[in-house]
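Below, read A as the first sequence line, B as the second, and so on, with proteins coming before strands; counting in each chain starts at 1. Reckoned from all heavy atoms, side chains included, excluding hydrogens, waters and symmetry mates.
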Amino acid sequence: MATSITPGSNAPEADLQPEAYTSEILQHLIEPITRLKDGRVLDMGPVCEENIMFFAGRLQKHYVCDMFLRLIREQRVARHSRNVWRHLDYPPRFFDGIHIWDFCDHLDDKKVGQLMKHCLAMLQPGGLLLMTAFEKTPPQGRINAFIIQPGYRISYRVQPHLNLPWHCRHNRALMSLLTGFSIVKTLRYRNGIREILLKKPLSIS
Amino acid sequence: MLGKGKKTESDRTASPDRSGETKSTTFLSRSSTPDAKTVIGKHIAIEGSIRGDEDLQIEGAMKGNIELPKHNFKVGSSGQMEGEITARNVSVSGEFKGNIKCHEKVEVTHEADFYGEIKAKSISVEDGAYIKGVIELDREPNRKPSDTRKPQTPAAPATGDKKES
């Protein structure tokens with residue numbers, strides 16, 4: 001299912017935002033990695049200052065690659081021919097963790113499969129992938145950055161420069177796309193947001 | 001070093017003085033006022049290294065390394081810069097490819113296209129900036145992150161998180 005919604009109603013901004021929540025799963029991702037000597041996490045964006053401060057304050061080095069903006073730019077220049085994944089040109093088994101936020105909600109099934117393959121390749125065996133997914137397209141179809149606040153509280157900030165289609169999926173459809181990973185934990189929040197923590201099996205090098 | 005004193009771009013071009021001789025001292029002087037700043041204009045392209053004792057702003061194209069250990073460096077919104085930068089504060093609004101070593105703060109604005117590595121004491125990033133890179137912030141030794149405490153009970157609307165598996 002793909003829906004493309006153009007912002008434009010008169011509804012107050014606050015009414016368009018999903019409710020804030022506390023991410024237990026983010027803690028599951030970050031705390032084991034901070035205990036590593038040189039833990040590496042990739043944040044696929046949207047880039048925002050608070051998240052950079054959060055990760056860079058805990059890890060020696062924080063890796064950022066804003067795939068949301070990359071996807072938009074690829075679509076602008078050539079709708080079909082370009083390979084957006086070339087921007088994920090990191091060495092194999094480089095990361096201990098990857099946070100893709102709700103990027104999958106803006107990819108069709110084929111592209112989600114491609115993203116999963118790239119994440120599998122970039123992660124260490126046993127490495128963790130955290131994703132967020134909406135159950136249905138948020139009001140007005142606005143894309144938000146998920147802002148990490150103290151105490152793993154997640155709030156939102158609208159990113160008006162991001163205009164991507166939505167591909168919200170039911171649980172079964174979403175899970176069927178996450179091939180190659182084992183599921184560590186999933187949580188569904190009242191605000192319609194799901195968080196899924198996946199692990200690259202140790203058997204896959 | 002590229003300039004002396006706060007001048008307009010036209011001041012910086014070599015120009016005849018009253019005696020009719022060409023002045024080039026603005027390019028060569030080693031002294032600078034505290035607020036001195038050199039701007040490399042939109043239609044200038046430079047390849048090479050720059051060291052200096054005053055602020056520098058690139059609006060044109062620059063390939064090479066820049067060392068301004070006590071001063072500020074800016075890639076303006078029309079600027080394109082490729083190379084290594086060492087400066088006190090760095091601001092990126094244009095295109096940047098390379099590494100930044102900054103003694104104080106790096107600012108990346110919403111117009112920026114940044115590819116590379118940032119080492120700094122602090123960073124500010126505007127929404128809309130494109131960053132592909134590595135960020136390393138100075139951390140005080142033995143400092144504990146301020147928000148590693150356990151997740152708190154969510155505020156009322158967000159309570160009732162359902163655990164699925």
Would you check if [X] and [Y] make a side-chain contact, meaning some heavy-atom pair closer than 4.5 Å?
| X | Y | result |
| --- | --- | --- |
| B:Asp113 | A:Arg73 | yes |
| A:Asp66 | B:Ile131 | no |
| B:Ile123 | A:Met53 | yes |

Calculate, to the nearest 0.5 Å, the distance between atoms NZ and CD belonging to A:Lys61 and B:Glu117 respectively. 4.5 Å
Drop me the distance from A:Ile52's CD1 to B:Ser122's OG, to the nearest 0.5 angstrom. 12.0 Å
Heavy-atom nearest pair, A:Leu69 first then B:Ala129, reads CD1-O, 3.6 Å
With a 4.5 angstrom heavy-atom cut-off, could you sort out which part of [X] is near chain B: side chain, backbone, both or neither?
| X | answer |
| --- | --- |
| A:Ile193 | neither |
| A:Asp89 | both |
| A:Ala145 | neither |
| A:His161 | side chain |
| A:Gln60 | both |

Would A:Arg157 and B:Asp127 count as a salt bridge (charged side-chain N to carboxylate O under 4.0 Å, His left out) here? Give the steps. CA-CA 9 Å; A:Arg157 191 160 61 236; B:Asp127 288 1; 2.7 Å; yes
Begin with the C-alpha distance, continue with both residues' side-chain angles, and end with the deciding distance and a verdict on side chain to side chain contact (heavy atoms under 4.5 Å, CB included) for A:Tyr63 and B:Lys132. CA-CA 8 Å; A:Tyr63 293 79; B:Lys132 180 184 178 185; over 6 Å; no
Quick one: what part of B:Tyr115 sits under 4.5 Å from any heavy atom of chain A, side chain, backbone, both or neither? side chain
Looking only at heavy atoms and a cut-off of under 4.5 Å, which of A:Arg40, A:Met67, A:Glu50, A:His87 has the most pairs with chain B? A:His87
